[in-house]
Amino acid sequence: MGMKIWLFIRTTFMIALLTGLLMAMGYLLGGARWMTYMFWFAVIMSFLTFWYSDKLVIKMMKAKPVSREEAPELYEIVEKLSKRAGLPMPRIAIIDDPTPNAFATGRNAKHALVTVTTGILELLDKDELEGVLGHELTHIKNHDILVGTIAGALAGAVVYIAYFTKYLAFFKAIFGDLSLDRFIYAILIAITAPIAAIIIRSAISRRREFAADEGGARLSGKPWALASALLKLDEAVKKLQKEAEAKKKKPLGNPGLAHLFIVNHFEGDRVSRLFATHPPTEERIAHLREIAKEMGVEFPY
């Protein structure tokens, strides 16, 4: 319980920082009035994300909701794990894409959506899929799906507004509507705010991935299967990244939603760990080894 409270406090603080970045940009460009506008912008965006995150993600990712009859094995696994977790049965959707991945979204457990790609259904065996789906259901139980979506939306807003802030600052400075010191501060925050926003969003995601891995291992009872799934997903994603680069094709989805997936297929070897939305796979597997010891479950490799 103590860890959950600390995680809640930490996450709340980080989301407040994202809101603060938006307000700071507003103040530098238009004083207290624009700072207030940015505050309400953050509140409204968070509210819209809260109510419509599942619908927005379905539309953006072109996911197709499926019934028990359309995906019986997948439905059976999710239903079994949901009962173990004490969660209502979430809706299930499938994305027709070879990129192996999965994620959960929605404003709460009663309105949750678990989504998988056709690629992950083809790649993983039943045990491995149970581990992955247990991971996603843990995100639902820990309220990560809402936190992650709001953090992603606010971070995205900071990045886009910072981009326009830079040019607006130049425009206002040329026409004498912005003092030199405020112009310098506006440019500095326009440069640093997106970096800070991405770091904050990534920090929220990384911490919660470890907790979801533990939950997935305990729900499925097979920490070794989740570890095996993560290895397969990591290798497959890297292979698809290289193929996409060679063919100059875009990966599945939007980079702004990458933190929702169980593995981030937008991160390459050149991306700094500071900006990574997920912990390195080897660290996640080492963590699962420790969980397996606690559970008294043998790790076969």
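We use all heavy atoms of the structure for the numbers below, so side chains are in, but hydrogens, waters and symmetry mates are not. Each residue takes its place number in the sequence, starting with 1. Just so you know, these numbers come straight off a predicted model, no measurement behind them.
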Using 0.5 Å steps for rounding, measure from the CD1 atom of Ile291 to the CZ atom of Phe210.
10.5 Å
Write down the atom of Ala217, the atom of Leu226, and the distance for their closest heavy-atom approach.
N-CD2, 4.1 Å
Phe103 and Ile95: which non-hydrogen atoms are nearest, and at how many Å?
CE2-CD1, 3.9 Å
Can you check whether Asn101's main-chain N or O pairs, donor with acceptor, with Thr117's side chain at less than 3.5 Å?
yes
In this structure, which one of Asn142, Val132, Leu219 forms a side-chain contact (heavy atoms from CB on, under 4.5 Å) with Leu137?
Leu219
When you measure from the side chain of Thr138 to the backbone of Gly134, do you find a donor-acceptor pair of N or O atoms at a distance under 3.5 Å?
yes
Glu69: side chain to side chain donor-acceptor pair (under 3.5 Å) partners, not counting sequence neighbours:
Ser67
How close do Arg284 and Pro279 get, heavy atom to heavy atom, and via which atoms?
CD-O, 3.6 Å
Could you pull out all residues at least two apart from Glu70 that satisfy salt bridge (Lys or Arg N to Asp or Glu O under 4.0 Å)?
Lys64
Nearest 0.5 angstrom please: Met23 CE to Phe41 CZ, how far?
13.5 Å
Considering all heavy atoms, the nearest Leu233-Leu123 contact
CD2-CD2, 4.1 Å
Please lay out, stage by stage, how Lys126 and Glu76 fare under the test side-chain contact (heavy atoms from CB on, under 4.5 Å).
CA-CA 11 Å; Lys126 188 174 181 180; Glu76 180 187 338; 4.2 Å; yes
With a 4.5 Å heavy-atom cut-off, do Pro100 and Leu124 have their side chains touching?
no
Partners of Glu235 by side chain to side chain donor-acceptor pair (under 3.5 Å), sequence neighbours excluded?
none
Point-to-point distance, once rounded to the nearest 0.5 Å, from CD1 of Ile120 to NZ of Lys232:
10.5 Å
side-chain contact (heavy atoms from CB on, under 4.5 Å) between Leu121 and Val116, intermediate numbers included
CA-CA 7 Å; Leu121 295 177; Val116 297; 4.0 Å; yes
Using the rule given for side-chain contact (heavy atoms from CB on, under 4.5 Å), can you reason through Leu230 versus Leu288, listing the C-alpha separation, both sets of side-chain angles and the distance that settles it, and then say yes or no?
CA-CA 11 Å; Leu230 290 174; Leu288 286 168; 3.9 Å; yes
Applying salt bridge (Lys or Arg N to Asp or Glu O under 4.0 Å), can you list everything that pairs with Arg84, at least two apart in sequence or on another chain?
none
Quick one: does any side-chain atom of Thr118 pair with a main-chain N or O of Asp97 as donor and acceptor, under 3.5 Å?
yes
Looking only at heavy atoms, what is the nearest atom pair of Leu133 and Val114, with distance?
CD2-CG1, 3.8 Å
Check the pair Arg218, Glu294 against side-chain contact (heavy atoms from CB on, under 4.5 Å), reporting the backbone distance first and the verdict last.
CA-CA 10 Å; Arg218 294 188 186 280; Glu294 290 179 20; 2.8 Å; yes
Which residues satisfy the ring pair (Phe, Tyr, Trp, His ring centres under 6.0 Å) test with Tyr75, sequence neighbours excluded?
none
Distance in Å, Lys110 NZ paired with Ile140 CD1, rounded so as to fall on 0.5 Å steps
14.5 Å
Heavy atoms only: give me the nearest Arg208-His139 pair and the separation to one decimal.
O-CE1, 3.7 Å
So salt bridge (Lys or Arg N to Asp or Glu O under 4.0 Å) across residues 219-229, not counting sequence neighbours, yields Asp127-Lys222, Glu130-Lys222
Just verifying a value: how many Å separate Thr99 OG1 and Lys239 NZ, rounded to the nearest 0.5 Å?
12.5 Å
Student check: side-chain heavy atoms of Glu128 and Ser228 closer than 4.5 Å
yes
